[in-house]
Amino acid sequence: MDHAFSRSTHDRAAHLRTDDQWRSAPGPLRILVIGGEHVATTETGGVAWIVEADLAGHQVPEGEWIFLGYLGDVRHAALVIDRVPAELRPTSLRMIGPEIDRDDASLAVHAVGITRWHERHRFCPSCGAASVPAQAGHVRVCAECGTHQFPRTDPAVIMLITDDQDRALLGRQPSWPEGRFSTLAGFVEPGEALEDAVRREVMEEVGVRVGEVRHAGSQPWPFPQSLMVGYFGSADHADDGAQIRVDQDEIAEARWFTRDEVTEMTSSAELLLPPNVSISRALIQSWHGGTIHGRWA
Ligand SMILES: [Zn+2]
């Protein structure tokens with residue numbers, strides 16, 4: 001499956017993260033200015049890389065540095081500030097994710113993931129004192145007790161389940177408008193294998209029993225700190241196991257869709273599916289195999 005953020009192409013060069021070693025490492029340096037999930041972009045909507053000498057000209061304030069690594073012999077770093085100046089066209093990575101080139105996506109998703117982690121982990125989990133960044137932005141160290149905190153990623157499973165007629169199971173969340181559907185998804189619980197999380201979430205949300213599951217790919221989703229792990233799964237039809245019983249809490253409506261229904265209903269906008277940036281769309285597209293129209297905004 002090919003989808004946004006599906007491949008990491010840069011060399012993270014973690015051996016250079018100690019202190020400021022990356023600063024004096026060889027190679028030209030390109031800088032991405034970033035604030036939250038917003039990155040500086042070019043006039044044509046790509047990721048804007050700035051050389052250090054030009055930072056002052058763009059009136060970029062002091063910030064925290066994250067060393068991202070190398071692409072070829074070029075060093076790449078992110079400069080994290082509260083708000084990217086308007087002249088640098090701050091744009092959410094979520095919006096440009098499917099459009100930008102693979103190398104820029106690889107670096108930007110790394111930068112946004114680390115940035116969001118810093119924003120949300122300013123205090124030590126052991127003693128509650130303030131922590132400070134270290135190792136070129138990839139660790140936080142408690143100023144009181146010295147505890148090291150490493151970037152968090154929360155695994156979530158996202159799955160396209162099919163029945164014995166190869167129809168796809170899609171659901172609508174209660175807050176979504178009529179006609180908007182997606183694959184089911186949920187967070188993995190402590191002590192749980194990914195495959196079991198797929199089966200549990202589908203059973204909880206729509207009452208369908210899932211048998212075989214197979215890995216379909218994964219997608220870092222740093223909004224703020226998830227890793228979406230995609231699966232295809234087959235409903236277990238024994239004893240009415242494929243009968244939909246919606247829980248009404250996380251899912252308001254769910255049904256089995258044929259490929260023809262997806263083609264026709266997306267064409268008439270009766271059915272709205274997720275945008276191209278999502279692994280959900282990639283799962284649906286991979287199952288469908290043909291042309292799917294439209295998406296939700
Ligand atoms: Zn501490």
Side-chain angles (χ1 to χ4, degrees), residues 5 8 10-25 29-40 50 52 55 60-70 75-85 90 92-94 97 105-158 185-194 196-197 200-201 218-229:
F5 318 138
S8 193
H10 62 289
D11 171 5
R12 298 183 177 221
H15 62 288
L16 294 175
R17 284 178 193 159
T18 48
D19 301 326
D20 274 346
Q21 246 185 315
W22 67 272
R23 282 285 200 171
S24 53
L29 174 63
R30 298 205 304 168
I31 298 160
L32 176 63
V33 179
I34 178 171
E37 67 179 59
H38 289 79
V39 299
I50 298 173
E52 199 160 17
L55 279 180
V60 177
E62 297 272 304
E64 297 284 355
W65 288 93
I66 299 168
F67 177 54
L68 301 173
Y70 277 91
R75 288 175 298 157
H76 288 75
L79 177 59
V80 183
I81 56 180
D82 286 342
R83 190 177 287 266
V84 179
S92 166
L93 179 61
R94 233 188 273 230
S106 175
L107 289 155
V109 75
H110 179 184
V112 169
I114 296 273
T115 299
R116 301 307 311 272
W117 171 69
H118 282 293
E119 284 171 6
R120 296 155 58 90
H121 294 83
R122 299 198 177 282
F123 298 94
C124 174
S126 295
C127 77
S131 60
V132 292
Q135 293 185 21
H138 290 75
V139 174
R140 292 188 71 89
V141 181
C142 175
E144 289 292 323
C145 76
T147 293
H148 283 48
Q149 216 184 335
F150 295 92
R152 285 269 315 263
T153 296
D154 298 337
V157 288
I158 183 158
F187 283 104
V188 180
E189 295 193 345
E192 187 175 47
L194 294 163
D196 291 323
R200 175 184 52 77
E201 283 287 343
S218 64
Q219 181 183 47
W221 192 250
F223 311 111
Q225 58 179 32
S226 297
L227 174 68
M228 308 302 293
V229 189

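First listed ligand is number 1; within each ligand, the first listed atom is number 1.
Neighbouring protein atoms of the Zn ion (ligand 1) (N, O or S, distance under 2.8 Å, waters ignored): Cys124 SG, Cys127 SG, Cys142 SG, Cys145 SG.
Salt bridge status for Glu52 with Arg30: absent, with no side-chain N to carboxylate O gap under 4.0 Å.
Legend: residues meeting ring-ring contact (aromatic ring centres under 6.0 Å, His included) with Phe67, ordered by chain and number and at least two apart, are Trp22.
No hydrogens or angles considered: a donor-acceptor pair under 3.5 Å links the side chains of Ser106 and His10.
Shown here for Val84 and Ile81, the closest heavy-atom pair between the two residues is CA-CD1, 4.1 Å.
Side-chain atoms of Gln149 and Ser131, non-hydrogen and from C-beta on, do get closer than 4.5 Å to each other. A heavy-atom distance below 4.5 Å is found between the side chains of Arg75 and Tyr70.
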